[in-house]
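All values below were derived from every heavy atom in this structure, side-chain atoms included, with hydrogens, water molecules and symmetry-related copies excluded. Whatever order the structure lists them in is the order used to number ligands and atoms, beginning at 1.
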Amino acid sequence: MALLNRVKDLKKINIFQEIILKARGVSDVVSLAVGDNPGPIPELVIEELIEEARLFLTPGGHKGYPPEEGTALLKELINQVFYNGQFSNEEIFISDGIKTDLFRFQTLFGPSAFSRFYAPGYPTYKEGCQIIGAQTGAIYLDPKNHFEPDADLVAPFDVFYLCSPNNPTGIAMSEDQIRTLCNKAKNCGGLIVHDACYSPYIQTKKPKTIFIDEGAKECAVELGSFSKWAAFSGIRLSWAVVPKEVKLNDGSSLLKAYTSFLNATFNGVSWLSQKMGCTLLKNTHLFLNQVQLTMQRVQEMKQLFRSKGFEVFGGIDGPYFLVKTEVDFLEKYKILTMPLSSFEPDYEGFIRVSGFVSEKNWQIITTRLQNSF
Ligand code: PLP
């Protein structure tokens with residue numbers, strides 16, 4: 001038995017684990033590097049989870065495999081809450097994470113698909129392609145242009161991995177930019193895979209979904225996740241929207257191919273996770289308040305860095321922003337931050353700051369930063 005060389009070449013740990021290791025052994029560290037919502041999960045969601053779990057105590061209430069593509073109720077709620085009911089249940093697939101779904105699409109498209117994405121960006125767009133042996137091309141976001149994405153710079157592609165609002169910049173695409181990218185996809189026969197992980201954090205009028213026009217349904221799929229805004233990263237729950245209008249080069253339906261692919265390789269997401277998702281989507285105020293609180297912190301934090309003379313970028317429509325600095329915050333102030341060069345080597349001299357901070361750590365960090373510079 002031998003491993004693919006491409007897999008051997010991967011880093012042993014990912015950039016997020018790498019940064020946590022950096023702080024090992026340093027006492028009293030507080031982190032601004034965490035890309036994980038600290039929670040808590042609302043009590044009502046937990047109560048309904050327990051009720052659902054109790055059903056499994058009885059032979060009559062026990063359930064076996066869930067439907068491979070997800071429960072009808074959760075699909076309906078996602079459709080109502082995020083898409084104004086524009087999709088059929090058949091076009092929505094429940095999954096256990098965007099990361100899983102990204103690699104599913106990468107595997108489905110195979111090594112001959114040429115993929116593009118903005119950089120710096122979420123590492124799986126590149127690494128997943130690397131594993132399957134597919135070529136990629138990055139479009140580098142320019143600090144001189146405030147890390148704003150420019151769809152006019154995008155050359156032809158088979159697949160474009162779009163993250164809007166983007167991790168690590170916290171900047172979302174405008175309607176015009178989305179339209180330009182969709183037109184490019186149609187002109188080159190490519191597909192956009194929109195990672196909408198952070199969409200509910202959008203504060204401006206920028207679109208929360210790529211499906212702003214009927215035409216987008218011919219050239220895009222969208223991935224959504226409960227990880228970031230619902231603090232479900234430990235629960236695992238996400239979805240993929242694959243519009244019936246997307247056609248492959250031979251004229252066949254992507255939806256049909258994806259359905260068969262999924263049924264052959266996946267046995268569905270836990271009933272319990274899906275129940276939790278349903279409870280949350282029936283009570284959207286439970287997460288919308290939390291989202292607002294996080295974005296408020298991002299703004300306060302940006303203000304704090306600005307007031308100390310740092311140049312900051314992004315953090316407008318997402319829970320992250322960038323700071324231009326050569327300061328080693330860990331060594332000097334015991335504050336862990338994420339170097340932007342971990343995402344992309346050419347971005348030395350910037351750090352990513354995260355708004356995912358627990359109440360307790362928020363107090364400590366504010367005091368430390370205020371007294372530090
Ligand atoms: N996409 C982006 C842009 C992310 O930042 C992350 C997590 O950090 C993920 C996807 C992973 O999402 P999930 O927990 O749904 O797998």
Side-chain angles (χ1 to χ4, degrees), residues 11 13-20 31-39 41 70 74 78 82 92-107 115-129 138 141 147 149 159-173 192-202 208-210 221-241 266 269-270 273-274 276-277 280-281 287 291 294 298 314-315 317-322 338 340 342-344 352-357:
K11 286 183 180 172
I13 54 173
N14 68 40
I15 60 170
F16 308 105
Q17 294 160 339
E18 216 168 62
I19 204 71
I20 291 168
S31 182
L32 283 177
V34 183
D36 203 354
N37 189 326
I41 290 173
L74 182 55
I78 288 170
F82 297 100
I92 301 175
F93 298 84
I94 307 302
S95 182
D96 62 356
I98 288 185
K99 198 169 189 176
T100 324
D101 275 353
L102 283 168
F103 193 60
R104 263 199 194 110
F105 278 106
Q106 286 162 333
T107 313
S115 296
R116 294 191 189 278
F117 39 77
Y118 289 114
Y122 189 56
T124 305
Y125 309 145
K126 185 173 168 180
E127 288 171 355
C129 288
L141 298 169
F147 291 90
V159 188
F160 192 96
Y161 293 97
L162 173 69
C163 185
S164 174
N166 186 30
N167 176 11
T169 62
I171 295 174
M173 293 273 277
I192 302 165
V193 175
H194 178 216
D195 176 344
C197 204
Y198 298 95
S199 279
Y201 287 97
I202 292 183
K208 291 194 166 87
T209 168
I210 196 155
V221 302
E222 185 159 282
L223 310 179
S225 171
F226 288 71
S227 288
K228 306 294 175 174
W229 44 269
F232 272 29
S233 55
I235 305 298
R236 309 307 299 148
L237 191 63
S238 71
W239 70 90
V241 178
F266 189 52
V269 177
S270 155
S273 304
Q274 297 196 64
M276 292 172 80
L280 199 62
L281 294 186
F287 69 85
V291 162
T294 304
V298 169
D317 286 312
Y320 309 116
F321 65 96
L322 306 178
M338 187 90 190
L340 197 55
S342 299
F343 286 86
E344 199 64 48
R352 185 195 76 171
V353 175
S354 166
F356 289 127
V357 184

Discussion item. Could you identify the single nearest non-hydrogen protein atom to atom 16 (O) of ligand 1 and state the distance to 0.1 Å?
Written reply: R236 NH2, 2.9 Å

Worksheet entry | Ligand-side contact atoms (ligand 1) for residue partner C163, heavy atom cut-off under 4.0 Å | 3 (C)

Worksheet item: Taking the inter-plane angle between the rings of Y198 and Y320 on a 0 to 90° scale, is it parallel (under 30°), tilted (30 to 60°) or perpendicular (over 60°)?
Response: perpendicular

Response to the item:
atom 4 (C) of ligand 1: of Y122, W239, Y320, Y161, the nearest heavy atom sits on Y122

Worksheet, complete the sentence: Which of L162, V159, L102 passes side chain to side chain contact (heavy atoms under 4.5 Å, CB included) with Y125? It is L102

Discussion item. Out of all atoms in ligand 1, which are within 4.0 Å of some heavy atom of K99? Include the element for each.
Written reply: 16 (O)

Discussion item. Tell me the protein heavy atom at minimum distance from atom 8 (O) of ligand 1, and give that distance in Å.
Written reply: K228 NZ, 2.7 Å

Worksheet item: Would R236 and T100 count as having a side-chain donor-acceptor pair, cut-off 3.5 Å?
Response: no

Discussion item. Quick one, P38 and D36 - any side-chain contact, counting heavy atoms below 4.5 Å?
Written reply: no

Worksheet item: What residue and atom, counting heavy atoms only, is the protein's closest point to atom 2 (C) of ligand 1, and at what distance?
Response: D195 OD2, 3.4 Å

Worksheet item: Are Q106 and S115 close enough that some pair of their side-chain heavy atoms sits under 4.5 Å apart?
Response: no

Worksheet item: Which ligand 1 atoms does Y198 reach within 4.0 Å, using its non-hydrogen atoms?
Response: 3 (C), 4 (C), 5 (O), 8 (O)

Fill in: Any S233 heavy atom less than 4.0 Å from ligand 1
no

Practice prompt. Without swapping roles, check the side chain of S238 against the backbone of G97 for a donor-acceptor pair under 3.5 Å.
Written response: yes

Worksheet item: With a 4.5 Å heavy-atom cut-off, do T124 and Y161 have their side chains touching?
Response: no

Discussion item. So for ligand 1, is I98 a polar contact partner (N or O within less than 3.5 Å, distance only)?
Written reply: yes

Discussion item. When you measure from the heavy atoms of Y125 to every atom of ligand 1, does any distance fall below 4.0 Å?
Written reply: yes

Fill in: Rounded distance [0.5 Å steps], CG in L74 versus CE in M276
12.0 Å

Discussion item. Closer than 4.0 Å to some heavy atom of S225 - which atoms of ligand 1 meet that?
Written reply: 13 (P), 15 (O)

Fill in: Contact (N/O only, under 3.5 Å) between N167 and ligand 1
yes

Worksheet item: Has the side chain of K228 got a donor or acceptor atom that lies under 3.5 Å from a matching backbone atom of G35?
Response: yes

Practice prompt. Taking only heavy atoms of S227 into account, list the atoms of ligand 1 that are under 4.0 Å away from them.
Written response: 13 (P), 14 (O), 15 (O)

Worksheet item: With only distance considered, is S238 within less than 3.5 Å of ligand 1 through an N or O on each side?
Response: no

